[in-house]
Each structure stands twice: as C-alpha cells, then as structure tokens.
Number of protein chains: 2
Amino acid sequence: MHQPDHLKTVGLKSTLPRLKVLSLFEASKQRHLSAEEVYKLLLASGDDVGLATIYRVLTQFEQAGLLMRHHFEGGKSVFELNQGEHHDHIVCMQCGHVEEFYDATIEARQKKAATDRGFTIHDHSLYIYADCNKPKCPNKIQS
Amino acid sequence: MHQPDHLKTVGLKSTLPRLKVLSLFEASKQRHLSAEEVYKLLLASGDDVGLATIYRVLTQFEQAGLLMRHHFEGGKSVFELNQGEHHDHIVCMQCGHVEEFYDATIEARQKKAATDRGFTIHDHSLYIYADCNKPKCPNKIQS
DNA sequence: CTCATTGCAAATCCTTTGCATAACC
DNA sequence: GGTTATGCAAAGGATTTGCAATGAG
C-alpha cells in the first residue's frame, strides 16, 4: 500500500518513529486511533518513542495528506489513514465506537445545504453522533 | 420565554449567577457561546462571577435541558439555548461561524443510516464542517 | 439554620513547545 | 558533518475539583 520510502515522496525524512506510526495504522485492526492509543500500542510493541513525537508525527502526516484528523466529541483527536475514498462517520457518544458510511443522497443535500449558504464544504465533513447500543458499549471509551 | 423562576421548575435554586447566565443566552445576539465568552460577557456587564461557576452552571443547564452543548472542532465547547426545534449545524473551520439548517431528506436518511447500523441517534446529532467564505472570515475564531 | 452554591486556587487532561542530544543522508 | 528529528520536561489552554466562605429557602 505504501512503499517503504513513501515518506520521502511526501517530503518527510524516513525516520524510525514515522515508519512505526505509519505501519501501525496500516496494520491496526482499529481504524481510528488517538495519539495516546498510538503511543501505547508502540510502547507495547517494544518501540521506544516519546509521546511528543507521536503528536508531531501525526500532525505532519495529516498535513502531508497521509492521515485525516477528526475531533469527535470528547476532547481528543483521532486519526485514520487517508485512503482517498470519501465517507462520513457515525460516532457513539458512550464508547467512542466509530462506523463509516456513505449515502449519496445525504452527500448531495449536504453539499447543497452548505453551498446555498455560501459555505465550501470539507472533504470529511459530516459527523453523526449517536449511541451504538452494542452489548459491550455503555462503558467509557477504552483509551 | 423563561419565567423568572423557571430555574426552580428544573430543580435548580434560583441564584444570581444562574439567572445571569440564562438571561445572557436569551438576550445575546450570538446564539452559540463558549464558557469563556459567557464569562467575559458577564464581567463586561459588571457582574462578578467566577469562571468555574460558569462551567458548573453551563453543565447544570445542559443536564436540565435548558442548553445544548456542542464540541465542534477546535477544542472548546459552545452552548446554545435548547428551544426544542431540531436543527443541525454547519460550522466554519476558519472562524468558528455557525449556521443552523434543517433538511427533512437528510434527517430521514441520517436516521436510516444510523438505525440500519443499530445506532440510536441523538437529537442534535449532525455536524457539517466547512469554510464560510464570509468577507471577514479567514481570521481566527474571535474568542 | 442547614444545605446548596460560589469563588478561588490547585489539579487534570490533552496537546504543544524549548532545547540539548541523537538520527538521517 | 550539517540538518532535521527525537525525547524529555516544562508550558499551555480548556475544563474540573477541593474546600472554606457565602447565599438561598
């Protein structure tokens, strides 16, 4: 998916922390990860990185277009691989569970609602907040 | 709109800070206010309140259903009067400008997207992030 | 008078920054 | 070797909390 030196093509030196973070996103089962989660996962794999570096790398990746940042409700940013296909998010307010969806009708009306009012819509721009009602859910977000 | 002792009807003692905050929302031209903004506006009107109290009062009002809290992107919560009518929000990422809208088609498909996936949708649940393109805009959010 | 509420300061949480050291090319 | 990136610790902004003093009913 990403060549080993994909980082260079976006103008970033290919350093160990950056490679680690990128492959984590490519390998992780969980698509949306917070800085804290990335940090803990890397520590758990025996990699010695600083949390500040994670934040810096995530921001650089976002600016380079490799990742997308979402804020969601709850105060912390989460990141996901930017694989080009547009989709929106339903976020569970209870446990932080995220599901992605795409609805062409919503896309069209959303765009119209925005442009009618003079807004320029962003790519990943639409969020629905809800309760996921999963059996394991009513707990706190597992960070 | 709110009787002077409306607070009692929601189980809150009618104290000075609470009355001040409530009437600020009822009087303010700007519908969406952050805790900091409420604080500064009250100080400016010569009222002596603590910022911590503002945060407490806002949270109590939210729980009492008088206000709705939104997080939006950018790290700070904003509140608006809960006047019962459902609407969604378009938020400018450049200046924080918020416009409300309602689109029945989006409502329906949004609800379907959520329930199809087992989610229970929230009342004020949908956010669109965009750029407002207003002449005064490209600045920072005026807090 | 009694308990809820306030104000202040200190504490938290997430994120950013300064700076000396270490890693890239 | 000259930069750029890292790690640590300290700083930052938003929000919460502990606690003694104040206020409402």
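Note that these values count all heavy atoms, side chains included, but never hydrogens, waters or copies made by symmetry. The chains referred to below are lettered A, B, ... by the order of the sequence lines, with proteins before strands, and numbering in each begins at 1.
Considering only residues two or more places apart in sequence or on other chains, Glu99(B) meets the salt bridge (charged side-chain N to carboxylate O under 4.0 Å, His left out) condition with Lys134(B). Scanning for salt bridge (charged side-chain N to carboxylate O under 4.0 Å, His left out) contacts around Arg31(A) gives Glu80(A), Glu100(A), with sequence neighbours left out. The salt bridge (charged side-chain N to carboxylate O under 4.0 Å, His left out) search around Lys111(B) returns none, not counting sequence neighbours.
When each of His86(A), Lys112(A), His87(A) is tested with Glu107(A) by the rule side chain to side chain donor-acceptor pair (under 3.5 Å), just one qualifies, namely His86(A). Just one of His89(A), His70(A), His71(A) meets the side chain to side chain donor-acceptor pair (under 3.5 Å) condition when paired with Tyr127(A); it is His70(A).
Spacing between atom NE2 of His71(B) and atom C1' of dC14(C) amounts to 13 Å, rounded to whole angstrom units. Taking atom OH of Tyr55(A) as the reference point, atom C1' of dG12(D) lies 13 Å away to the nearest angstrom. dT16(C) atom P lies 10 Å from atom CD of Glu62(A), rounded to whole Å. Rounded to whole Å, the distance from CG on Asp47(A) to C1' on dT6(D) is 14 Å. Atom-to-atom, CG of Leu33(B) to P of dT15(D) comes out at 13 Å; the value is rounded to the nearest Å. Rounded to whole Å, atom P of dT6(D) lies 12 Å from atom NZ of Lys20(A). Going from atom CD of Glu36(A) over to atom P of dC13(C) covers 10 Å, rounded to whole Å.
Note that CZ of Phe72(A) and NE2 of His32(A) are 5.0 Å apart. Values are rounded to the nearest 0.5 Å.
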All N/O donor-acceptor pairs, side-chain side in residues 43-56 of chain B, below 3.5 Å, sequence neighbours left out:
| unit_1 | atom_1 | unit_2 | atom_2 | d |
| --- | --- | --- | --- | --- |
| Ser45(B) | OG | Leu41(B) | O | 2.6 |
| Asp47(B) | OD1 | Lys20(B) | NZ | 2.8 |

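Dashed line: the shortest gap from a side-chain N or O of Ser77(A) to OP1 or OP2 of dT15(C) is under 4.0 Å. For Ser34(A) and dC14(C), the shortest distance from a side-chain N or O to OP1 or OP2 is not below 4.0 Å.
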Once base and sugar-phosphate atoms are separated, protein heavy atoms under 4.0 Å mark nucleotides 2-10 of chain C, 5' to 3', with B, S and - as --SSBBBB-

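Contact detail for Ile128(B) and Gln110(A): the closest heavy-atom pair is CD1-CG, 3.4 Å.
Val10(B) and Leu19(B) fall within a single hydrophobic cluster, where Ile, Leu, Val, Met, Phe, Trp and Tyr are joined by side-chain heavy atoms under 4.5 Å apart, directly or via other members.
Within the helix from dC1(C)-dG25(D) to dC25(C)-dG1(D), the inter-axis angle between the opening and closing five-pair segments is 30°, rounded to 10°.
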